[in-house]
Structure formats: C-alpha cells, structure tokens
Amino acid sequence: MFKWINSLLGVIMLVSCTAQTADSFVGKEYKLQNAPDNAEITIGFDAKENRFFGVAAINNYFGSYMLNADKLTLEPAGSTMMAGPEELMKAEQDYLQFLPTVTTYKLDGKKLTIIGSAGKELVFEETGTVSEK
C-alpha cells in the first residue's frame, strides 16, 4: 500500500515540477524571430506588475497586460517618438498595431508565440529574465 502511495506522490511531484504554468513567461524577456527588415523587436513581462515593455524596431514601448489561463490581452502600447528609416518605422507600426489584437499565447520551452484575433502569430525566443530597476 505504501509503495503505491509513494509512487503516486513521486509522479505528482514530477509532473508539477515540469509542467508549464500559465504565467511562466512572466519575468522574462523575448526577441521576435524573423522580424521584418532585421528589425530589433523585443518584449518583456514584468513579474511584479501586469505590464509589458520592449523595443519596437526604433522606439521603446510599454503597456499593461491581462492573463487568464491561456488568454492574453495586451492593452494598446505607448511609446517614445523617435524617427528612423522608413522600413523600420513600418515594421514598428505594424508590430504596435498587432499587440492590441492578441488574444492568446503558446509557450514551448523558450519559444513564446503570441496570437492575434485574425490568427496571425508572432514567435519570440527567450533572451533572459527581466532586470530589476
């Protein structure tokens, strides 16, 4: 009887230690893979507050997010207002307009995919943890 209980507890502990939690991307930063025109686009999720931030090709951006199980909502982002090359400005504008359409996400190891309401997906690769300021 005790062997069976110990085995069951061992399996439960193993599963709970390896399962991804709904907020496991929180406190981490990511870089967009295959960004247009080699734009530098990043996103990070603050672990203390429900806010996101990053670099959108030229400007820094920031906003609030809501997380409910696999549902992710990103509020429209504010940003700095610097100008740059036309192709990077277009990549930035397209990215910032996509963020409020996000409805869900998938997390696969170090890859975070955010998915918009029209089915568009952006795939990010983890670059590290959010640095405390």
Side-chain angles (χ1 to χ4, degrees):
M1 175 76 169
F2 286 113
K3 274 186 169 182
W4 181 81
I5 292 174
N6 283 339
S7 296
L8 181 61
L9 288 175
V11 169
I12 291 170
M13 289 178 63
L14 179 62
V15 168
S16 65
C17 289
T18 59
Q20 292 289 344
T21 61
D23 61 349
S24 59
F25 62 85
V26 173
K28 297 179 182 170
E29 293 187 67
Y30 296 85
K31 181 177 179 183
L32 180 62
Q33 302 299 291
N34 301 318
D37 295 306
N38 294 316
E40 175 83 13
I41 297 177
T42 66
I43 191 167
F45 297 90
D46 190 289
K48 293 180 181 176
E49 300 175 19
N50 284 1
R51 62 182 198 91
F52 65 92
F53 54 87
V55 175
I58 296 169
N59 289 288
N60 294 325
Y61 71 96
F62 47 89
S64 298
Y65 71 90
M66 290 179 284
L67 184 61
N68 185 6
D70 67 340
K71 304 297 181 218
L72 175 63
T73 305
L74 304 176
E75 298 296 324
S79 71
T80 56
M81 302 289 285
M82 296 186 301
E86 187 176 331
E87 66 277 1
L88 293 180
M89 294 294 292
K90 170 101 172 78
E92 178 173 286
Q93 180 182 24
D94 290 347
Y95 174 71
L96 292 175
Q97 288 177 348
F98 169 74
L99 293 179
T101 73
V102 170
T103 58
T104 190
Y105 73 95
K106 293 185 282 189
L107 190 61
D108 183 15
K110 293 186 178 281
K111 288 199 185 300
L112 171 66
T113 303
I114 58 175
I115 304 160
S117 57
K120 179 178 178 180
E121 297 184 358
L122 295 182
V123 179
F124 294 80
E125 182 78 26
E126 183 181 325
T127 58
T129 57
V130 171
S131 54
E132 297 286 326
K133 293 183 181 177

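When reading the values below, keep in mind they use all heavy atoms of this one structure, side chains included, and skip hydrogens, waters and symmetry mates. This one's a predicted model, so the numbers in the text were calculated from it and none came from an experiment.
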Query raised in the report: Can you name the residues that form a side-chain hydrogen bond (donor to acceptor under 3.5 Å, both in side chains) with Lys111, not counting sequence neighbours?
Result: Glu125
Query raised in the report: Listed by chain and number, what are the side-chain hydrogen bond (donor to acceptor under 3.5 Å, both in side chains) partners of Asp46, not counting sequence neighbours?
Result: Arg51
Query - Phe53 vs Glu29 side-chain heavy atoms within contact, under 4.5 Å - result: yes
Requested in this report: To the nearest 0.5 angstrom, please state how far the CG atom of Asp70 sits from the CG atom of Leu107.
Outcome: 12.0 Å
Query - Residue pairs fulfilling ring-ring contact (aromatic ring centres under 6.0 Å, His included) with at least one residue in residues 84-104, sequence neighbours excluded - result: Tyr61-Tyr95
Query raised in the report: Using links of under 4.5 Å between side-chain heavy atoms of ILVMFWY residues, direct or through other members, which residues join Val123 in one cluster?
Result: none
Report summary line: So the salt bridge (Lys or Arg N to Asp or Glu O under 4.0 Å) pairs with at least one residue in residues 53-62 (sequence neighbours excluded) are none
Query raised in the report: Which is it for Ser117 and Thr101 under the side chain to side chain contact (heavy atoms under 4.5 Å, CB included) test, yes or no, and what are the steps along the way?
Result: CA-CA 6 Å; Ser117 57; Thr101 73; 3.9 Å; yes
Query raised in the report: If every non-hydrogen atom of Leu122 is compared with every non-hydrogen atom of Lys120, which pair is closest and at what distance?
Result: CD2-CE, 4.0 Å
Query raised in the report: What are the two closest heavy atoms between Ala47 and Val26, and how far apart are they?
Result: CA-CG1, 3.5 Å
Report summary line: One should read off an interatomic distance between Lys71 NZ and Thr104 OG1, to the nearest 0.5 angstrom, of 5.0 Å
Query raised in the report: Is the closest side-chain heavy-atom distance between Leu99 and Ile114 below 4.5 Å?
Result: yes
Name each donor-acceptor pair under 3.5 Å that joins a side chain in residues 33-43 to protein atoms two or more places apart or in another chain, with its distance.
{"unit_1": "Gln33", "atom_1": "NE2", "unit_2": "Lys31", "atom_2": "O", "d": "3.1"}
{"unit_1": "Glu40", "atom_1": "OE1", "unit_2": "Lys31", "atom_2": "NZ", "d": "3.4"}
{"unit_1": "Thr42", "atom_1": "OG1", "unit_2": "Val55", "atom_2": "N", "d": "2.9"}

Query raised in the report: What distance separates Thr113 OG1 from Tyr105 OH, expressed to the nearest 0.5 Å?
Result: 11.5 Å
Requested in this report: Check which hydrophobic residues are tied to Met66 through side-chain heavy-atom contacts below 4.5 Å, counting indirect links as well, and list them.
Outcome: none
**Report entry** Those residues that, when tested against Thr103, pass side-chain hydrogen bond (donor to acceptor under 3.5 Å, both in side chains) (two or more places apart)
**Finding:** none
Query raised in the report: Among all residues two or more places apart in sequence or in another chain, which pass the ring pair (Phe, Tyr, Trp, His ring centres under 6.0 Å) test with Phe45?
Result: Phe25, Tyr65
Query raised in the report: Who are the side-chain hydrogen bond (donor to acceptor under 3.5 Å, both in side chains) partners of Lys90, not counting sequence neighbours?
Result: Asp94
Query raised in the report: Got Leu112 and Glu126 here, is their nearest side-chain heavy-atom distance under 4.5 Å?
Result: no
Ignoring hydrogens and angles, write down the donor-acceptor pairs under 3.5 Å from the side chains of residues 75-87, residues two or more places apart or on other chains.
{"unit_1": "Thr80", "atom_1": "OG1", "unit_2": "Asn59", "atom_2": "OD1", "d": "2.8"}
{"unit_1": "Thr80", "atom_1": "OG1", "unit_2": "Asn60", "atom_2": "N", "d": "3.1"}

